[in-house]
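Everything on this sheet refers to the single structure shown next.
Being a predicted model, the structure only gives us computed values, none of them experimental.
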There are 2 protein chains.
Amino acid sequence: MAGVAGDRRIVSEGAGEPATLSEVAYQRLRADIVSGALDAGKPLRLEALKQRYGLSFSPLREALMRLQSERLVLSTALRGFSVAPLSRAEMKDATETRILIESDALRRSMQGGDDDWEAAIVAAFHALSLQAERQSRLSGEVGAVDMHAMDERHYQFHRALIAHCGSPRLLDLADQLYVETQRYRRPCLVGRVAGTPARDVAAEHQQIMDATLRRSEDAVRYLAEHYRRTAEIIEASTVWPSSA
Amino acid sequence: MAGVAGDRRIVSEGAGEPATLSEVAYQRLRADIVSGALDAGKPLRLEALKQRYGLSFSPLREALMRLQSERLVLSTALRGFSVAPLSRAEMKDATETRILIESDALRRSMQGGDDDWEAAIVAAFHALSLQAERQSRLSGEVGAVDMHAMDERHYQFHRALIAHCGSPRLLDLADQLYVETQRYRRPCLVGRVAGTPARDVAAEHQQIMDATLRRSEDAVRYLAEHYRRTAEIIEASTVWPSSA
DNA sequence: CAATAGGAAATTTTCGAAAGAAATCGAAAC
DNA sequence: GTTTCGATTTCTTTCGAAAATTTCCTATTG
């Protein structure tokens, strides 16, 4: 998932490895929160994190401070940090905010989008399709084949659509909301839940792409539908904590 | 400026003083960046900050990490932090993003807004008017009378408009963008620049409020115009750094 | 028996020093 | 005169221990 939200902030020269332990802590904590390796709602004891990642307090606290700004971590003064809980309300808010941001970004991209932008979309769509096909062919084999690669392609496709919007803030927010909503998607992707209507995600992507290349306002509508449909399926198939 | 962006994050029990030095560092650094006490673009040497605020590295770095997420501070791995520079492009992006966020938040507020919401708007408008009048009466006296109080009232009015939107994310983003754009407004407020067309800001606020209470889509239009007008005046009357 | 105060343990937060990396400066080589 | 290399200095980053605070447990009181 190289390139997702947060990479703007610490400008490390090459594309290579992170230069500071603070950055390492940030990336690993974020990955573990998104993947669910760290349970939602649970307190993040510094001693435990120190142990887990082999880092000391300073870089850990700096990373947690940053994650707090991105709504992945909660903090209470003198009482430490905890993984931000999951709830219906938060998922809805994240989804609708994402739609607001990406709709505008897509519109702006379509307005000024050039040939390179179009080509990048087509390329990302193709790569996503290949990965999806490979995925479905291997489904049922050695567990969770390569969800990571799938996520990355999926992210790249949606990012390509809005890449030409011209606003660093919108792109950043989109990245951040992608990560936030990913927390909700991930558990659903692991196993197909019974009673879920078969859904042709590839067709939805195709529809969005086609409308985008036509520079049609339909693209915005399709994109919003795409996100809302995902949110609905997740809401229905998630076992929510009692109080949320 | 109690209550502006960032207060969500660290939940300190009472409304009282900040419980941690990390929080103190955050608030003071932010205030100094917004007020211009720390020059835009300049590097933030930790030794100097330590001296200035009487704090040590850890809380300072944690605060800087947070400010970085809010686009007030820039950081380069192993090369430290610097105050985010000001530029036309950034101001435009911040302004347009703010309009996007607040337009949606205002629409949602108008949809579900109840009596208390309306009352709070009227109250905030009134308080702002009183402060503005006092301000203009005292203008020309002992320098910069109480810009702080004025800012606070102004913030509270705009916040009251969108307060009922129901989305914590939108409110947070609005807060953040308010602070960001405040950096550009502040220098303009100090002295009225020659050639600036006399502008009846109070009338604009009145117009926004009236349309809002009527639940008219005009409110959204007026609000956007209000922000764009401010941005234009600032752009014209600011001495921009050569490369920006 | 519930409520409360006191104290021990666990945890967060802060500090100052040590380690590590980049920038600076000057001398030597081209 | 310009470039390159190396040592020195400056600065950031990290660490582990000390300080401050909360949490938990127990004994005591009403």
Side-chain angles (χ1 to χ4, degrees), chain A residues 6-30 33 38-39 41-69 72-84, chain B residues 6-30 33 38-39 41-69 72-84:
Chain A
D7 287 282
R8 162 179 66 85
R9 323 204 185 261
I10 288 194
V11 184
S12 47
E13 294 305 338
E17 342 66 80
T20 67
L21 296 185
S22 183
E23 182 68 17
V24 172
Y26 169 76
Q27 288 179 8
R28 297 195 58 186
L29 275 166
R30 195 179 62 164
I33 290 169
L38 294 167
D39 290 335
K42 285 263 177 69
L44 292 163
R45 300 264 168 261
L46 285 173
E47 193 55 52
L49 297 178
K50 199 175 148 182
Q51 198 96 33
R52 175 175 188 135
Y53 299 114
L55 302 168
S56 61
F57 298 114
S58 319
L60 283 171
R61 285 183 58 89
E62 287 171 19
L64 289 166
M65 231 62 190
R66 220 169 128 192
L67 290 165
Q68 190 195 27
S69 287
L72 293 178
V73 155
L74 249 53
S75 126
T76 312
L78 302 177
R79 255 172 260 179
F81 303 87
S82 61
V83 181
Chain B
D7 287 287
R8 163 181 64 86
R9 322 209 185 259
I10 289 192
V11 184
S12 45
E13 292 306 337
E17 342 67 82
T20 67
L21 296 185
S22 184
E23 183 68 17
V24 173
Y26 169 76
Q27 287 178 9
R28 297 195 59 185
L29 275 166
R30 194 179 62 166
I33 290 170
L38 294 168
D39 291 334
K42 285 263 177 69
L44 292 163
R45 300 262 168 263
L46 284 174
E47 193 55 52
L49 297 179
K50 198 175 150 182
Q51 198 97 32
R52 176 174 187 136
Y53 300 114
L55 302 168
S56 60
F57 298 116
S58 319
L60 284 171
R61 285 183 58 88
E62 287 171 19
L64 289 166
M65 231 61 189
R66 221 168 128 192
L67 290 165
Q68 189 196 22
S69 287
L72 294 177
V73 155
L74 248 54
S75 126
T76 311
L78 301 178
R79 252 171 261 181
F81 304 87
S82 60
V83 181

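- Counting any heavy atom pair closer than 4.0 Å across all strands shown, A/L21 reaches sugar-phosphate atoms only and no base atom.
- Remark: B/R79 is not in phosphate contact with D/dC11, judged by side-chain N or O atoms under 4.0 Å from OP1 or OP2.
- Nearest heavy-atom pair across B/P59 and B/A25 is O-CB, 3.8 Å.
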Working note: B/L29 + B/Y53, criterion side chain to side chain contact (heavy atoms under 4.5 Å, CB included); need CA distance, chi angles, decisive distance, verdict.
CA-CA 9 Å; B/L29 275 166; B/Y53 300 114; 3.7 Å; yes

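- Residues meeting the salt bridge (Lys or Arg N to Asp or Glu O under 4.0 Å) test with B/R52, sequence neighbours left out: B/D32.
- Atom P of nucleotide D/dT12 and atom NZ of B/K50 are separated by 12 Å, given to the nearest angstrom.
- Distance A/L60 CG to D/dC15 P: 9 Å, rounded to the nearest Å.
- Counting to the nearest Å, the P atom of D/dT12 and the CE atom of B/M65 are 14 Å from each other.
- What separates CG of B/L55 from P of D/dA19 is a distance of 18 Å, to the nearest Å.
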List, with names and distances, any nitrogen or oxygen atoms from the protein found under 3.5 Å away from nitrogen or oxygen atoms belonging to nucleotides 6-8 of chain C.
none

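- Tested against A/S22 for a side-chain hydrogen bond (donor to acceptor under 3.5 Å, both in side chains), the candidates A/Q27, A/E62, A/R66 yield a single pass: A/E62.
- Nearest heavy-atom pair, B/L46 versus B/L60, reported as atom, atom and distance to 0.1 Å: O-CD1, 4.2 Å.
- Heavy-atom distances to DNA chain D give each of B/S58 and B/R45 a nearest nucleotide, and the one nearer the 5′ end belongs to B/R45.
- Comparing C/dT12, D/dT14, D/dT13 against the side chain of B/L46 picks out D/dT13 as the nearest.
- When all heavy atoms of A/S69 and B/S69 are compared, the pair lying nearest together is CB-CB, 3.5 Å.
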Side chain to side chain contact (heavy atoms under 4.5 Å, CB included) between B/T20 and A/L78: does it pass, once the steps are laid out?
CA-CA 7 Å; B/T20 67; A/L78 302 177; 4.1 Å; yes

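- Looking at the side chain of A/E62, the nearest of the listed nucleotides D/dT14, C/dT14, D/dC11 is D/dT14.
- The shortest heavy-atom contact between B/S56 and B/K50 is CA-CG, 4.0 Å.
- Straight-line distance from the CZ atom of A/F81 to the P atom of D/dT22: 16 Å, rounded to whole Å.
- If you take OH of A/Y53 and P of D/dT14, they are 16 Å apart, rounded to a whole angstrom.
- Nearest approach of B/A63 to B/Y26, heavy atoms of both residues: CB-N, 3.4 Å.
- Distance OH (A/Y26) to C1' (D/dT14): 21 Å, rounded to an integer number of Å.
- Residue contacts for A/L78: at a heavy-atom cut-off of 4.0 Å it reaches the sugar-phosphate backbone alone, with no base atom in range.
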Output a table of nitrogen or oxygen pairs between the protein and nucleotides 18-20 of chain C separated by less than 3.5 Å.
none

Audit row: A/L44, A/V83, side chain to side chain contact (heavy atoms under 4.5 Å, CB included) steps and yes/no
CA-CA 7 Å; A/L44 292 163; A/V83 181; 3.7 Å; yes

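- Between D/dT12 and B/R61, no contact under 4.0 Å exists linking OP1 or OP2 to a side-chain N or O.
- As judged by a 4.0 angstrom heavy-atom cut-off over every strand, A/L44 is placed among residues touching the sugar-phosphate backbone only.
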